[in-house]
Amino acid sequence: MDFPANNLLDWYDTQKRDLPWRGEKNPYYIWLSEVILQQTRVEQGWDYYVNFVQAFPTVRDLATAPQDKVLRLWQGLGYYSRARNLQSAAQYIEAHCGGIFPNRYTDLLKLKGVGNYTAAAVASIAFGEAVAAVDGNVYRVLSRFFRVSTAIDSTEGKKQFQHLADKVLDKNRAGDFNQAMMELGATVCLPKKPLCTACPLMSACQGYLHKDFLNFPNKTPKKAVKNRYFHVFVLQADDKIAVTLRQNKDIWHGLYTYPLQELDLENFNAPKLNTLETHGFVLQKTETPKPHLLTHQKLHFVFYFFAGEKIADIFDNMIWKEQKNLKNLPFPRPFLPFLGE
DNA sequence: AATTCGGGGAC
DNA sequence: GTCCCAGAATT
């Protein structure tokens, strides 16, 4: 399987969009455009690029500007650490590179906010270095063309697609080739409705020939958020509080929590507490607090408070700890203040 | 390996 | 609502 790089470049030469940074060779301007366009659509970044070039015509202008002026120009674009890293890198170039923009991939990588993609883009477009710039567009084009199923957000996938992109790269026109791949992904090889009949790679695209291009690219499946429901018992005897040690293979493993019982949704909303009530202790039920969000779990709680000297007698397997030693309970912080009551 | 950082457009 | 965008830094 060989990649028709010439078809792609011919298409790019005649069909490429006219963008503010097209044909630009100044590495500073290329870098500026690439950082602005990180996770950002061309239409959204367009005016920001124009404004930045006008406000800071040179690296030194950017390096010496007051930070709030930089951030103000960035306002509304999002990912604001990009703006801070941008100026930090400009100051680094002034202080440690004699004001000369780094001209190799490995040196560009040293700049804050410049990762694999941006270093490759600047090195290839401004200096003609033969390194493939792999962004979201390139993942899509390559995975469809070669029908590569490896997840693009996995460590293996990133390595594999970088190798593949470097292999198909036209080393005589590295900058144009990288831009052509991205241009194709942005205007033809679209995520939902690719315009295959207008694609210069159509006749050799494996995804098109197998009619399964929409199965690519592949991503690691993201786990669904699971709802879990707990009754939480705050048992207080004298100045001691009952806790239990969490077992492994679940949240808070190895940590102490209040005794709690996990229920399904139905029982969570209609609790049965006959056993506890017959012992004559006063039960105080809180309102259901706001759910606590973990990475892939949403935890719902109802808290019950008991107090009484003999309460320790009716519970087994509890560890009683001094109340003052319970500052590090692995519970949602908003609930901890109840401990002091 | 998983998470965070953002605003916006397409569907 | 979901997905994606010319990704990188942090944990």
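Proteins get letters first, then strands, A, B, ... in listed order; numbering begins at 1 in each.
Nucleic acid contact class of A:S33 (heavy atoms, under 4.0 Å, all strands): none. A:R17 comes within 4.0 angstrom of no nucleic acid atom, judged by non-hydrogen atoms across all strands. Within 4.0 Å (heavy atoms only), A:N116 reaches sugar-phosphate atoms of the nucleic acid but no base atom. If you check every strand for non-hydrogen atoms under 4.0 Å, A:L19 touches a base. Using a 4.0 Å heavy-atom criterion, one finds that A:W74 contacts no nucleic acid atom at all.
The nearest whole Å value for the distance from the CG atom in A:L108 to the C1' atom in C:dA8 is 15 Å. Distance A:R140 CZ to C:dA6 P: 7 Å, rounded to the nearest Å. Residue A:E34 contributes atom CD, which lies 15 Å from atom P of C:dC5 at whole-angstrom precision. Atom pair A:I152:CD1 and C:dG7:C1' shows a separation of 12 Å (rounding to whole Å applied).
Listed pair A:K219 / C:dC4 meets the phosphate criterion, a side-chain N or O lying under 4.0 Å from OP1 or OP2.
Salt-bridge formation is not detected for the pair A:D135/A:R140: no Lys NZ or Arg NE/NH1/NH2 atom is positioned less than 4.0 Å from an Asp or Glu carboxylate oxygen. A salt bridge is defined here as a Lys NZ or Arg NE, NH1 or NH2 lying under 4.0 Å from an Asp or Glu carboxylate O, and A:R60 with A:E94 meets this definition.
The residue among A:V134 and A:P217 whose nearest nucleotide of DNA chain C is located toward the 5' end is A:P217.
No side-chain N or O of A:R22 forms a donor-acceptor pair with one of A:S33 less than 3.5 Å apart. Under 3.5 Å, the side chains of A:S88 and A:N85 contain no donor-acceptor pair of N or O atoms.
Partners of A:N218 according to the side chain to side chain contact (heavy atoms under 4.5 Å, CB included) rule, which considers only residues two or more places apart in sequence or in another chain, do not exist here. In terms of the side chain to side chain contact (heavy atoms under 4.5 Å, CB included) criterion, residue partners of A:L209 (sequence neighbours excluded) are, by chain and number, A:Q206.
Rounded to a whole angstrom, the distance from the C1' atom of C:dA8 to that of B:dG9 is 23 Å. Remark: the separation of the P atoms in B:dA10 and C:dA6 is 12 Å, to the nearest Å. Using C1' as the reference atom, B:dG8 and C:dA9 are 23 Å apart when rounded to the nearest Å.
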At under 4.0 Å between heavy atoms, how does the protein contact nucleotides 6-11 of chain B? Give one character per nucleotide, 5' to 3', with B, S or -.
BBB---
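Counting only residues at least two apart or in different chains, side chain to side chain donor-acceptor pair (under 3.5 Å) contacts with residues 101-124 of chain A comprise A:E34-A:Y117, A:Q38-A:T118, A:R104-A:D107, A:Y105-A:N116, A:D107-A:K110, A:S124-A:N178. Pairs of residues two or more places apart, or lying in two chains, that qualify as ring-ring contact (aromatic ring centres under 6.0 Å, His included) and include a residue from residues 46-66 of chain A are A:W21-A:Y49, A:F52-A:F56, A:F52-A:W74.
A:L8 is connected to A:L195 through a chain of hydrophobic side-chain contacts under 4.5 Å among Ile, Leu, Val, Met, Phe, Trp and Tyr, so both are in one cluster.
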Identify all pairs in which a protein N or O lies below 3.5 Å from an N or O of nucleotides 9-11 of chain C, and state each distance.
{"residue": "C:dA9", "atom": "OP1", "partner": "A:G113", "partner atom": "N", "Å": "2.6"}

